[in-house]
Amino acid sequence: MSQSVLPVFGLTEKKVKLEAFGSGLINSTWKVTTTSDEYILQRLNHLVFSEPEDIAYNISLIATYLKQYYPDYSFAAPITAEDGASLVYLENEGFFRMFPFVKGSYAKEVVETATEAYEAAVQFGRFTHLLSGLDATKLKITIPSFHDLSLRYRQFMLALENGNAERIIEADALIKKVMDNRAIAEQYQQIKTNPDCKLRVTHHDTKISNVLFNKDGNGLCVIDLDTVMPGHFISDVGDMMRTYLSPVSEEESDFSKIEIRASIFEAIVQGYYSEMKADLTETEKQLFFYAGKFMIYMQAIRFLTDYLNDDVYYGARYEKHNFIRASNQLVLLEKLIAKENELVPLINRILSTNE
Ligand code: GN1
Ligand code: MG
């Protein structure tokens with residue numbers, strides 16, 4: 001079916017291979033292989049991204065800026081169709097776009113070593129740093145209030161009022177844990193209004209599969225710019241912590257496998273800070289540990305809210321899928337908080353030696 005979009009991007013060859021690619025929850029992604037080239041084809045989830053044109057606008061704004069000021073930065077710009085558009089709409093199918101597959105690059109699904117975490121953190125830090133001269137407010141907001149934890153908390157409270165009654169009873173212990181940790185949401189409320197916590201060009205989806213590596217294991221660039229918007233650095237650092245620290249992902253149902261790897265934590269802070277030290281304010285520098293709590297807590301709330309709302313956003317491959325995901329994230333949060341006394345000194349050492 002998605003094959004029918006290929007000619008619009010100038011790919012008329014008959015013998016193309018189309019295979020599902022990656023593990024994103026929102027968009028659909030395929031790798032396209034022709035006899036001579038490789039591409040990444042994506043269909044945007046129109047329910048989540050209601051204005052796909054805004055994403056295309058942001059990508060083109062960033063591409064133009066980087067090309068002008070940092071022509072050597074390897075930025076994977078989308079392929080344009082014959083009419084010059086990077087986004088193609090097919091009746092009954094949706095919005096598509098295509099990228100050249102960066103030759104010799106690969107992406108990872110799980111962080112195995114501290115070096116990988118470091119390389120990824122350098123890439124996300126560099127992305128925000130290189131774009132610090134671009135006024136972040138020029139970017140379109142592709143998902144309003146995406147990482148607004150106050151809003152996520154309110155949506156959770158609404159789900160407690162209007163959600164599936166049986167599930168609310170069943171999730172009692174999880175609901176209590178979310179409420180017990182509401183100080184994390186209260187702290188965000190202050191960050192949001194503090195002018196020392198700057199709005200920057202923020203990626204908002206820093207999972208390891210959004211970094212391309214070369215064959216030597218060096219980070220090349222970041223991909224998946226759908227949620228690049230003005231935001232706070234805690235979103236990017238926090239989502240790296242959320243998704244890199246533990247050797248198992250949010251999908252794991254054996255919670256005894258959830259672990260906080262201190263060496264990975266250190267690598268994230270070190271890599272990100274090496275690029276961003278001149279940009280971050282003193283107030284922001286104090287928020288590295290909070291960043292992890294912020295993102296893990298927000299993801300727990302989002303999964304739990306979705307469970308209470310009958311899985312309308314994330315979908316579910318089995319009955320209690322979002323319940324398990326939320327439980328997983330709350331265990332991760334507890335384990336991170338339990339290591340605060342070990343991890344905060346690591347941050348402080350990095351902040352003081354790199355000055
Ligand atoms: C979604 O689609 P994917 O996997 O890149 C979500 C992120 C969540 C993530 C949890 C637009 O990202 O915010 O952290 O699932 N993206 C959107 O796996 O909601
Ligand atoms: Mg994504």
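Atoms within each ligand, like the ligands themselves, are counted from 1 in listed order. On a predicted model such as this, the values are computed, not experimentally measured, just so you know.
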N or O contact, [X] vs ligand 1, cut-off under 3.5 Å:
X      : answer
Glu250 : yes
Ile26  : yes
Gln299 : yes
Tyr314 : no

Could you tell me if any non-hydrogen atom of Arg302 lies under 4.0 Å from any atom of ligand 1? yes
Going by heavy atoms, is Met295 under 4.0 Å from ligand 1? no
Does the side chain of [X] come under 3.5 Å of the side chain of [Y] through a donor N or O and an acceptor N or O?
X      : Y      : answer
Tyr314 : Arg302 : yes
Gln42  : Thr29  : yes
Asp236 : His203 : no

Give the atoms of ligand 1, by number and element, whose distance to some non-hydrogen atom of [X] is under 4.0 Å.
X      : answer
Tyr313 : 11 (C), 17 (C), 19 (O)
Arg242 : 10 (C), 14 (O)
Ile143 : 11 (C)

By the rule that ILVMFWY residues connect when side-chain heavy atoms come within less than 4.5 angstrom, directly or transitively, which residues belong alongside Leu151? none
Parallel, tilted or perpendicular: ring planes of Phe294 versus Tyr188, cut at 30 and 60 degrees: parallel
Ion pair present between Lys176 and Asp172, side-chain N to carboxylate O less than 4.0 angstrom? no
Measure Asp205 to ligand 1 on non-hydrogen atoms and call it side chain, backbone, both or neither using the 4.0 Å cut-off. side chain
Sort and list the pairs that fulfil side chain to side chain donor-acceptor pair (under 3.5 Å) and have at least one residue in residues 243-269, not counting sequence neighbours. Arg242-Glu250, Glu251-His321, Glu251-Arg325, Asp254-Ser256, Glu266-Arg349
